[in-house]
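These figures come from a predicted structure and were not determined experimentally.
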Amino acid sequence: SVITINDGSIINLYGGGYAGNINQNSNIEVKGGSITDSLYGGGYQGAINQNTNIKVTNGTIKRLFGGGNEGNVEVDTNITIEGGTTTNIFGGGLAGDVYQDTNVIINDGSIDSLFGGGYAGEVLNQTNIEISDGTIKKSLYGGGYEGDVELVDIELNGGIIHESVYGGGFAGDVNDSVRVLEKGTTIEGSLYGGGYEGNILNKAEVIVNKGTINENIYGGGYAGTANQTSVTVEETDYNQIQIGKNVFGGGKGVSASVY
C-alpha cells in the first residue's frame with residue numbers, strides 16, 4: 001500500500017487494512033495537513049506481513065505509530081522525521097507487536113515525546129533511534145510505554161531534548177541490553193541508561209563522546225532495576241563534553257537497583 005498526504009485534515013490514518021492482512025510493505029508519506037488523532041503504519045486488527053515505512057516532512061500529527069492498532073507487523077517498522085510537528089512517536093504499535101526491529105530517525109521537526117517501542121505492544125527484537133537534529137520537548141525512551149522490547153540502541157548526534165533520555169521504557173522492560181551513545185545532542189535534563197520504572201534484564205551501557213547534559217548521568221534507570229551498568233565518558237581534543245552535575249554508576253530512586 002502507498003499513501004501520500006499533501007494537505008487536509010484526517011482523524012486516523014492506517015497503512016494497513018481493517019481486520020485484514022497486507023502481504024506487502026506499507027508506505028506512508030506526510031507532506032502536509034493535519035492528523036488529529038493517530039497515524040498507524042499498520043492496520044486495525046490486521047497484520048502487515050512485510051515492513052511499514054513512514055516519512056514525515058511537514059504537517060501536524062497527534063500520535064504516530066510505526067506499527068498497527070491491535071495489529072502486528074511481521075518484519076520492521078521504519079519512521080523518518082524531517083519536519084512537521086508530532087506530539088508522540090512510538091516505533092511500535094498500539095497494543096500490537098513488531099516481530100523484528102523498530103527504526104526511528106529524527107533529522108528535524110518538533111516532537112513532544114519519543115518511544116522506540118510501542119504503547120502496550122511488544123518489540124520482539126531491537127529498537128533503534130537516531131537523532132541528528134530537531135527538538136524533543138519532553139523525553140526520549142528507548143523502550144516502550146508499558147510495552148517490553150528485547151534490545152535498545154540509541155545514537156544522539158544533534159538536536160535538543162528539553163527533558164531527559166531513558167535507555168529503557170516507561171514502565172516497560174528491556175529483556176536484554178541497552179546502549180546509549182551520546183555524540184552531540186543537548187539534553188536539558190538527565191541521561192539514564194535504564195528506564196523510567198522499567199527494568200533492564202541484562203546490561204545498560206552509556207557512552208558519552210560529545211554533547212551537553214545539564215543535569216546528571218545515571219548508568220541505571222529511574223526507579224527501575226538493571227542487571228549491570230556501564231558509563232564511559234571519553235572526550236578528545238576536538239570533542240567537548242559538558243555535564244552540569246554528577247555521574248552515577250547506578251540509578252535514581254529507592255527501587256533503582258543494580259544487581
Pairwise distance CG(N53) to OG(S26) - rounded to 0.5 angstrom:
7.5 Å
Nearest-0.5 Å distance that lies between atom CG in N72 and atom CD in E122
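Rounded to the nearest 0.5 Å, the CG-CD separation comes out at 10.0 Å.
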Going by side-chain contact (heavy atoms from CB on, under 4.5 Å), name the residues that satisfy it together with [X], two or more places apart in sequence or in a different chain.
X: V2; value: N27
X: E197; value: A223
X: L151; value: N125, Q126, D176, S177

Clusters formed by hydrophobic residues whose side-chain heavy atoms approach within less than 4.5 Å: which one holds L181, and what are its other members?
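Cluster partners of L181: I207.
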Under 4.5 Å side-chain heavy-atom separation, chaining through any Ile, Leu, Val, Met, Phe, Trp or Tyr, what else clusters with Y99? Say none if it is isolated.
L124
I'd like a table of donor-acceptor pairs (distance under 3.5 Å, sequence neighbours excluded) in which one partner is a side-chain atom from residues 80-92, with atom names and distances.
none

Does any pair with a residue in [range] pass salt bridge (Lys or Arg N to Asp or Glu O under 4.0 Å), and if so which ones, sequence neighbours excluded?
range: residues 3-15; value: none
range: residues 162-171; value: none
range: residues 19-40; value: D37-R63

Extract all donor-acceptor atom pairs below 3.5 Å that involve side chains of residues 10-18 and protein atoms in other chains or at least two apart in sequence.
unit_1: N12; atom_1: OD1; unit_2: S38; atom_2: N; d: 3.1
unit_1: Y14; atom_1: OH; unit_2: N69; atom_2: ND2; d: 3.4

List in chain and number order the residues that pass ring pair (Phe, Tyr, Trp, His ring centres under 6.0 Å) with Y196, two or more places apart in sequence or in another chain; answer none if no residue qualifies.
Y166, F170, Y222
I'd like a table of donor-acceptor pairs (distance under 3.5 Å, sequence neighbours excluded) in which one partner is a side-chain atom from residues 140-150, with atom names and distances.
unit_1: D148; atom_1: OD1; unit_2: D173; atom_2: N; d: 2.9

Side chain to side chain contact (heavy atoms under 4.5 Å, CB included), that's the test. Do E130 and N157 meet it? Break it down for me.
CA-CA 7 Å; E130 182 179 337; N157 297 310; 3.8 Å; yes
Please lay out, stage by stage, how N78 and N51 fare under the test side chain to side chain contact (heavy atoms under 4.5 Å, CB included).
CA-CA 8 Å; N78 302 292; N51 301 306; 4.1 Å; yes
